[in-house]
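The structure appears below as structure tokens.
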Number of protein chains: 2
Amino acid sequence: MIAEKMDAAAVEAAELFKALSNPGRLRILCALVPGEQTVGALEEQLGASQSYVSGQLLRLRSEGLVICERDGRSMRYRLADPRVRPMLERAYEVFCPL
Amino acid sequence: MIAEKMDAAAVEAAELFKALSNPGRLRILCALVPGEQTVGALEEQLGASQSYVSGQLLRLRSEGLVICERDGRSMRYRLADPRVRPMLERAYEVFCPL
DNA sequence: CCAAAACATTTCAATATTGGAATATAAATA
DNA sequence: TATTTATATTCCAATATTGAAATGTTTTGG
């Protein structure tokens, strides 16, 4: 049956949507769309605490949505899941009209 | 500052994503993309209980994502928020490739 | 090696979500 | 009108999420 495929896809999609369902995480991911960002840079852009940003990044990392790489004493984060960018682009069109 | 607009948009978008972050709700909304559906029809398509489907519909209604109309003893539900369809279409492209 | 900078991690209380079970309501039919 | 059908609503215990606070870790500069 096709229902199982649809169900599996729905579970996967729902997981991604859950990752996007928090304004802080959403803004972090959006900030990564143009390219890599340092944790400190993300703190500034969000106006959020170090612990908050780092915590959300940890979660996003554990879900495979971002990956990081050390650069001196900083960590550079970037998007890692190819499904994120298309969804964010559409969200941008829908929620941030010209 | 533009940060406030971005923040407001992020909050709105995150709310929609939260509605989509449950496989059951997601499948209900997907089932409504082609057109109106009865509660019973949704129960069949999802293979879920009456109480479950009706409960999720109640929530989606309270968020303004769907609206319903009585038709005899049935209720016909349909999508009500113009932002839902574009997001689901993109999700379909991303998660249900040809 | 030591201190500071930049992140990571743990902990926790408050709050929210989940889905099942039971019960209630509205409309049609006999 | 009594019953059945279709849907709505309430209730609840288990689980998950949230964001702040405190503390731990890693790397570099002196």
Side-chain angles (χ1 to χ4, degrees), chain A residues 3 7 10-32 36-80, chain B residues 3 7 10-32 36-80:
Chain A
D7 196 36
V11 169
E12 265 193 82
E15 276 170 16
L16 177 57
F17 286 134
K18 180 167 292 184
L20 305 179
S21 75
N22 170 283
R25 280 195 304 273
L26 184 54
R27 291 186 63 194
I28 287 176
L29 290 170
C30 284
L32 294 177
E36 292 186 329
Q37 294 285 340
T38 264
V39 178
L42 291 170
E43 289 174 42
E44 270 191 49
Q45 291 177 57
L46 294 209
S49 73
Q50 185 270 319
S51 143
Y52 178 73
V53 172
S54 184
Q56 299 297 346
L57 285 169
L58 179 66
R59 168 173 176 168
L60 292 172
R61 224 171 57 205
S62 80
E63 295 170 313
L65 299 186
V66 302
I67 52 182
C68 62
E69 187 182 2
R70 186 169 281 284
D71 174 16
R73 20 184 156 177
S74 300
M75 284 294 214
R76 312 189 77 78
Y77 277 81
R78 59 175 189 276
L79 296 181
Chain B
D7 196 35
V11 169
E12 264 192 84
E15 277 170 16
L16 176 56
F17 285 134
K18 180 167 294 184
L20 305 180
S21 75
N22 169 285
R25 279 195 304 275
L26 183 53
R27 291 187 64 194
I28 287 175
L29 290 169
C30 286
L32 293 176
E36 293 186 328
Q37 295 285 342
T38 264
V39 178
L42 292 171
E43 289 173 36
E44 271 191 49
Q45 289 177 59
L46 293 211
S49 74
Q50 185 272 320
S51 144
Y52 178 73
V53 171
S54 184
Q56 298 298 347
L57 285 169
L58 179 67
R59 168 174 175 168
L60 293 171
R61 223 171 56 202
S62 81
E63 295 170 314
L65 300 187
V66 302
I67 54 182
C68 61
E69 188 182 2
R70 185 171 282 284
D71 174 16
R73 22 185 157 177
S74 300
M75 285 295 213
R76 313 189 75 79
Y77 277 82
R78 59 177 190 273
L79 296 181

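Every chain is numbered from 1 and lettered A, B, ... according to where its sequence line falls, protein lines coming before strand lines.
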Judged by atom type as modelled, is there a donor-acceptor pair below 3.5 Å linking the side chain of B:Ser62 to the main-chain atoms of B:Arg59?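 Indeed, once roles are kept as given, a pair shorter than 3.5 Å links the two residues.
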May I ask you to decide if A:Ala19's main-chain N or O and A:Arg25's side chain share a donor-acceptor pair within less than 3.5 Å? yes
Student check: side-chain heavy atoms of A:Lys18 and A:Glu63 closer than 4.5 Å: no
On DNA chain C, does the nearest nucleotide to A:Cys68 precede the nearest nucleotide to A:Arg73 from the 5' side, or the other way round? Give the residue. A:Arg73
In Å, rounded to the nearest 0.5 Å, how long is the span from CG of B:Leu57 to CD of B:Glu43?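 Output value for this atom pair is 9.5 Å.
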Interatomic spacing from CZ in B:Arg76 to CG in B:Asp71 - rounded to 0.5 Å: 5.0 Å
Check the distance between [N]'s [atom2] and [X]'s [atom1] and give it to me in whole angstrom.
X       : N      : atom1 : atom2 : answer
A:Glu69 : C:dC7  : CD    : P     : 14 Å
B:Phe17 : C:dA16 : CZ    : P     : 22 Å
B:Leu58 : C:dT17 : CG    : P     : 13 Å
A:Glu36 : C:dC7  : CD    : P     : 13 Å
A:Leu57 : C:dA8  : CG    : P     : 7 Å
A:Glu63 : D:dA16 : CD    : C1'   : 13 Å

Does [N] have its OP1 or OP2 closer than 4.0 Å to a side-chain nitrogen or oxygen of [X]?
X       : N      : value
B:Ser54 : D:dT7  : no
B:Arg25 : C:dT17 : no
A:Tyr52 : D:dG19 : yes
A:Thr38 : C:dC7  : yes
B:Arg70 : C:dT25 : no
A:Gln56 : D:dG19 : yes
A:Asn22 : D:dT17 : no

Looking only at N and O atoms, is any donor in the side chain of A:Ser74 or the base of C:dA6 less than 3.5 Å from an acceptor on the other one? no
Examine the base of C:dA8 for any acceptor or donor lying under 3.5 Å from a partner atom in the side chain of A:Gln50, and report the outcome as yes or no. yes
Please work out if B:Arg76 contacts a base, only the sugar-phosphate, or nothing of the nucleic acid, heavy-atom cut-off 4.0 Å.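 The answer is nothing, as B:Arg76 stays clear of every strand by at least 4.0 Å.
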